[in-house]
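Positions are given from 1, in the same order as the sequence printed here.
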Amino acid sequence: MSNSNSNNNINNNISNGNNVNNKSILGNKLYLYLTEFFAGMSVMAVELGASRLMAPYFSSSQIVWTIIIGTIMIAMALGNIMGGRWADKDPNPDKLYGRIIIASIWIALIPVVGKYIILGVSALLVFSINNNFLIIAAFVACMLIFVFPLFLLGTVTPSLVKYTVDSLDDSGKTVGYLNASNTIGSIIGTFVPTFISIPAVGTSITFLIFAGILLILAILYFVTGHKKSVKAVVGVIILIISCIFGHSSSFAFWQNDLTYEGESIYNYLQVYEDSSKVVLSTNVLFGVQSVYKKEKTLTGMYYDYAMAAPYMAGLQDKRNAGQTLNILVLGMGTGTYATQCNRYFGESVNVKGVEIDQKITDLAREYFELPDSVDVVTYDGRAYLQGLNAGGKKAKVEADIKYDVIMVDAYQDITIPFQMSSVEFFTLVRDRLTEDGVMVVNMNMKSDSEGGINDYLSDTIASVFSTVYTVDVKNNTNRELFASNNPDMADRFFYDAAYSSDGDIQKMIKMVNDGLVKYEAGNRILTDDKAPVELLSMKAIDEIIEEEVSYYKEVYKERGWKGVLEEF
């Protein structure tokens with residue numbers, strides 16, 4: 001008897017839901033599936049947009065991705081719970097589509113205010129926390145910007161179940177179709193931003209596009225039902241305003257003199273220049289990625305120190321024998337190192353680069369005077385070493401090529417790819433070097449504390465190469481590491497480089513000589529299976545931030561925000 005009453009109650013609820021359906025477009029299940037489809041698509045588009053919005057400020061490391069995915073899953077879970085409760089309590093679809101409008105309005109405002117919120121959160125937290133700044137700041141920013149609209153979109157599925165289930169006999173099939181619609185939308189929403197909208201029109205317009213899709217979807221419901229909605233009118237107005245003020249792809253909004261600003265599949269990119277240099281930055285909060293000196297002099301950065309590697313590898317011997325020294329750069333960037341090697345060593349060297357981002361290579365040709373003679377392969381550095389470059393047949397021909405110098409410059413900002421930090425990777429590098437070849441690695445977060453990311457990288461490299469030297473770059477956070485199986489590489493450098501009468505080369509010799517230290521290896525080894533580079537990098541970035549803002553923290557304690565602003 002109790003089971004019969006329970007079934008009757010369920011069927012009555014279903015009947016009530018169908019009575020709602022028959023009065024509007026919700027009577028057409030196709031529209032309900034489309035609602036589910038575009039909700040799923042928008043969730044994934046916002047998630048990918050979130051990664052691009054936050055990357056210029058917090059990097060695109062696995063830590064940041066974990067924060068984004070985690071907060072979005074929290075939002076969706078809460079949305080599912082509350083959506084189900086609200087649907088049972090009041091199955092009026094006006095409220096569901098009203099929530100979709102609010103979500104679209106919020107998403108439309110992200111390009112307008114999102115970057116200000118991120119910087120505001122960062123500015124507040126940098127003065128109040130000493131550890132895990134990136135994790136906490138990214139989490140707070142993500143919660144403030146993205147959780148609410150995705151919470152609202154999380155209410156869609158349980159509400160639609162209320163409107164689509166006709167009877168208990170087909171409830172499983174109907175719910176399956178809804179979930180399939182959501183999943184298919186999510187799949188498309190994953191690929192479209194990454195491969196189409198973000199590279200073509202940028203992150204900001206991508207947010208606006210999907211906000212517009214949700215808004216149109218909700219307006220269609222109200223229009224076909226001959227219902228008035230103040231929310232819809234407000235949504236249209238805000239979307240228009242956001243299109244006017246939020247269409248810019250500028251993440252460094254405080255800079256109005258950029259030569260170029262844009263996005264690629266992999267990076268946010270900006271080029272700026274002054275009377276002496278042209279600079280590429282891929283992260284507005286964490287420094288310079290590449291630089292070109294218009295006076296054709298040394299850069300004053302780690303590239304200068306890395307020029308010691310060709311001498312360590314026997315450049316002078318190659319010159320005397322009329323041979324060419326082969327250099328491979330993994331992480332070519334805009335070709336600063338290649339340009340300097342060509343400038344100072346001329347025809348004595350042949351430089352080849354591997355760069356995963358074709359857009360950066362295009363910028364190198366356009367703004368950084370990278371010579372056409374420098375061949376650049378668009379591919380992942382490790383895959384290239386394994387003979388899997390984009391040329392296919394060409395890779396088989398080049399599989400046995402040996403290089404005198406291999407520069408590893410793939411550690412971008414605070415993001416270190418684990419697959420290019422392991423024993424297996426450095427073994428590949430060693431196998432591509434000549435007998436006395438030298439690997440030079442740019443490690444961009446030097447630290448005075450023991451057990452940091454550079455200690456792990458250095459120990460890992462020392463387990464592959466018999467001789468390792470390091471030198472800290474003056475007035476910078478970079479450290480250069482030289483590795484070889486030639487125990488005399490440092491002596492060869494000082495002896496051979498001394499032959500040069502070039503003033504810049506002599507300056508480079510002094511800089512390296514002042515800081516070159518033979519590395520004493522430990523047993524902190526990174527492998528493909530275990531390489532916690534993100535957590536190790538977090539420790540380093542906390543130290544860098546603490547050092548950089550320590551002065552301003554004291555000013556803040558004494559004079560507050562007014563005093564800090566007066567210092568700028």
Side-chain angles (χ1 to χ4, degrees), residues 293 296-333 335-354 370-371 373-376 385 398 400-409 429-442 461 465-471 473 480-519:
K293 298 289 287 186
K296 296 180 171 37
T297 58
L298 295 177
T299 63
M301 300 173 65
Y302 68 88
Y303 311 101
D304 304 343
Y305 292 73
M307 286 169 58
Y311 286 108
M312 292 178 177
L315 174 64
Q316 196 61 42
D317 290 343
K318 292 280 187 179
R319 281 173 167 169
N320 294 338
Q323 298 174 344
T324 301
L325 184 138
N326 291 316
I327 301 174
L328 177 67
V329 183
L330 303 179
M332 183 70 161
T336 302
Y337 188 61
T339 299
Q340 289 206 167
C341 286
N342 279 335
R343 179 184 303 151
Y344 289 100
F345 306 137
E347 296 181 355
S348 299
V349 298
N350 176 44
V351 186
K352 184 166 189 172
V354 180
L370 180 66
S373 59
V374 176
D375 184 21
V376 182
L385 289 180
E398 295 184 345
D400 294 329
I401 281 187
K402 299 285 187 176
Y403 295 92
D404 300 286
V405 173
I406 295 180
M407 182 181 190
V408 179
D409 194 14
V429 175
R430 182 197 63 193
D431 293 344
R432 295 286 182 238
L433 285 169
T434 58
E435 183 178 355
D436 291 337
V438 175
M439 176 183 72
V440 54
V441 181
N442 173 44
I461 293 168
F465 293 89
S466 61
T467 307
V468 176
Y469 285 86
T470 63
V471 56
V473 179
E480 292 302 283
L481 180 147
F482 303 91
S484 176
N485 285 325
N486 177 10
D488 300 322
M489 70 169 179
D491 293 336
R492 171 185 273 180
F493 158 63
F494 291 118
Y495 181 78
D496 286 1
Y499 276 97
S500 176
S501 59
D502 188 288
D504 282 344
I505 296 298
Q506 294 302 315
K507 183 178 179 180
M508 179 269 290
I509 295 173
K510 185 177 186 308
M511 289 189 302
V512 174
N513 183 53
D514 288 345
L516 194 65
V517 176
K518 189 169 185 178
Y519 185 74

So, N442 and Y303: side-chain donor and acceptor under 3.5 Å apart, yes or no? no

For N350, enumerate each residue passing the side-chain contact (heavy atoms from CB on, under 4.5 Å) test, keeping only those at least two apart in sequence or located in another chain. T324, N326

Between S484 and M489, what is the shortest heavy-atom contact and its length? CB-SD, 3.4 Å

I need the D436 CG to N485 CG distance, nearest 0.5 Å. 9.0 Å

Write out all pairs satisfying salt bridge (charged side-chain N to carboxylate O under 4.0 Å, His left out) with one or both partners inside residues 497-510, taking only residues at least two apart or from two chains. K510-D514

Under the side-chain hydrogen bond (donor to acceptor under 3.5 Å, both in side chains) test, which residues partner Q340, sequence neighbours left out? D304

Using modelled atom types only, decide if a donor and an acceptor are shared between the side chain of Y337 and the backbone of A306 within a distance under 3.5 Å. yes

Please check this pair: side chain of Q506 against backbone of S501, looking for a donor-acceptor N/O pair closer than 3.5 Å. no

Could you give the distance from OG1 (T339) to NZ (K293), rounded to the nearest 0.5 Å? 14.0 Å

K402 side chain to D431 main-chain N or O, any donor-acceptor pair under 3.5 Å? yes

L516 versus A490, closest heavy-atom pair with distance: CD2-CB, 4.2 Å

For the student: nearest non-hydrogen atoms of V438 and L433, plus distance: O-CD2, 3.7 Å

S348 side chain to R319 main-chain N or O, any donor-acceptor pair under 3.5 Å? no

Shortest non-hydrogen contact between P310 and L325, atoms and distance: O-CD1, 3.7 Å

Y311 and ring-ring contact (aromatic ring centres under 6.0 Å, His included): which partner among F482, F494, Y305, F345? F345

